[in-house]
Amino acid sequence: MHIRNILLWMVCLWCIAVKTVAQTPTLSDAEKEKAIQTQVQRYLLKYKQDLNNALDRNDFAAAISHLNHIILYEPNNGQALYLRARGFENMGLYERAIFDYDNAQRAGYKEPQLYYFLARLEIKAGLGEESFYSFNEFFQEQPGMATKKELRYERGIAAKMAKEYKACVEDMSFVIDE
């Protein structure tokens, strides 16, 4: 008798659930899209908060993990690509950093230091022509930096690697004169 009552209650609950679901209005495609976008924005906000916490702790691995999520939802987020490149650079993953710096540029991210960080990594990777180009872009964005002997020395190395000997001599002469 007890099992019969339990089964009767289960059937009643199932009927109530079916009736409730049947009465629930269906969402239009526009409403579904809006609900999805709202949820995505919540996720992005959480990932960005977690990213800031990881950066405050200098936890580059965690920061990269959060940036991966952000970039998944916003693939053209130049700032996220730039920050992930900085994280890869700090972890010694130079090729990944170069890739993300390039993608941050393509996304239109305007950070004056981007070209400098990229140029330094390209020297480490043996990419002289690319490094020389990046240094020139950096000096074009930051003309006052062209008077810093350390930077001119680095560009001179890139110029030598790129077989831009005239520029190499000019940069190294500047360094010697200073």
Side-chain angles (χ1 to χ4, degrees), residues 27 31-162 164 168 171-172 174-175 178:
L27 297 176
E31 292 170 325
K32 288 177 187 176
E33 181 67 27
K34 184 177 179 185
I36 290 170
Q37 287 301 321
T38 301
Q39 190 65 29
V40 165
Q41 292 306 313
R42 283 189 199 133
Y43 284 134
L44 284 171
L45 182 61
K46 181 192 178 317
Y47 291 133
K48 289 175 182 177
Q49 290 168 341
D50 293 344
L51 169 64
N52 287 332
N53 293 335
L55 290 174
D56 288 343
R57 295 186 316 269
N58 286 328
D59 185 353
F60 299 114
I64 288 171
S65 174
H66 300 305
L67 287 162
N68 287 340
H69 291 299
I70 293 168
I71 293 167
L72 179 66
Y73 290 111
E74 298 177 334
N76 291 320
N77 185 329
Q79 183 180 20
L81 290 162
Y82 172 77
L83 290 173
R84 189 170 72 176
R86 298 286 296 142
F88 284 138
E89 182 178 353
N90 282 308
M91 294 176 70
L93 301 171
Y94 301 134
E95 291 82 12
R96 289 294 315 262
I98 290 170
F99 180 77
D100 277 350
Y101 281 134
D102 285 339
N103 284 332
Q105 285 177 344
R106 282 190 206 97
Y109 185 65
K110 298 292 183 195
E111 167 60 43
Q113 294 296 315
L114 185 146
Y115 289 108
Y116 173 66
F117 294 132
L118 180 58
R120 283 190 12 224
L121 288 179
E122 288 167 337
I123 286 175
K124 288 179 183 179
L127 303 170
E129 288 180 38
E130 292 85 348
S131 178
F132 184 64
Y133 171 80
S134 294
F135 268 115
N136 288 336
E137 289 294 317
F138 173 67
F139 286 145
Q140 187 174 0
E141 294 283 324
Q142 299 281 327
M145 297 302 241
T147 62
K148 303 229 181 240
K149 64 182 174 187
E150 298 85 10
L151 299 177
R152 292 289 291 273
Y153 176 77
E154 288 178 309
R155 187 176 75 170
I157 291 171
K160 179 183 177 287
M161 291 172 68
E164 296 285 342
C168 177
D171 285 337
M172 294 306 176
F174 176 85
V175 171
E178 288 296 308

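Everything numeric here is computed off the predicted structure, so don't read it as measured data.
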Which heavy atom in R57 sits nearest to a heavy atom in A62, and how many Å separate them?
NH2-CB, 4.2 Å
Work out which heavy atom in A107 is nearest to a heavy atom in L81; give both atom names and the distance.
CB-CD1, 4.4 Å
As an exercise, state the distance from CG of L93 to CD1 of I98, rounded to the nearest 0.5 Å.
11.5 Å
Separation between CD (Q105) and CD (E111), nearest 0.5 Å, reads 11.5 Å
When you measure from the side chain of R86 to the backbone of Y82, do you find a donor-acceptor pair of N or O atoms at a distance under 3.5 Å?
no
Write down the atom of A119, the atom of S134, and the distance for their closest heavy-atom approach.
CB-CB, 3.7 Å
Side chain to side chain, F88 and D100, heavy atoms closer than 4.5 Å:
yes
Rounded at 0.5 Å granularity, tell me how far CD1 in I123 sits from CG in L118.
10.5 Å
Atom OH of Y109 with >12 non-hydrogen neighbours under 6.0 angstrom
yes
Shortest non-hydrogen contact from T147 toward F174:
O-CZ, 3.4 Å
Looking at S131 and L127, would you say the former's side chain and the latter's main chain have a donor-acceptor pair under 3.5 Å?
no
Could you tell me whether Y153 atom OH has more than 12 heavy atoms of other residues or ligands within 6.0 Å of it?
no
What pair of heavy atoms forms the shortest contact from I70 to N77, and how long is it?
CG2-ND2, 3.8 Å
Of E130, E89, E150, the one forming a salt bridge (charged side-chain N to carboxylate O under 4.0 Å, His left out) with R120 is E89
With a sphere of 6.0 Å drawn around NZ of K124, does it hold more than 12 non-hydrogen atoms of other residues, nucleotides or ligands?
yes
Just say parallel, tilted or perpendicular for the rings of F135 and Y116, cut-offs at 30° and 60°.
perpendicular
Mind checking the CD-CE spacing from E122 to M161? Nearest 0.5 Å is all I need.
9.5 Å
Return yes when atom CD of E129 has more than 12 non-hydrogen atoms of other residues, nucleotides or ligands closer than 6.0 Å, and no otherwise.
no
Which distance, rounded to the nearest 0.5 Å, do you find between the CD of E141 and the CG of L114?
9.5 Å
For a quick test of reading the model, state the closest non-hydrogen atom pair linking A54 to H66 and the distance between them.
CB-CD2, 4.3 Å
With a 3.5 Å distance limit and no angle check, can you tell me whether R152 reaches the backbone of A146 through a side-chain donor-acceptor pair?
yes
Between Y115 and Q142, is any side-chain donor less than 3.5 angstrom from a side-chain acceptor?
no
Side-chain contact, heavy-atom cut-off 4.5 Å: K160 with I157?
no
Given N136 and R155, is the side chain to side chain contact (heavy atoms under 4.5 Å, CB included) satisfied, shown in steps?
CA-CA 8 Å; N136 288 336; R155 187 176 75 170; 2.8 Å; yes
Quick one: pull up CD1 in I71 and CZ in R84 and give me the separation to the nearest 0.5 Å.
3.5 Å
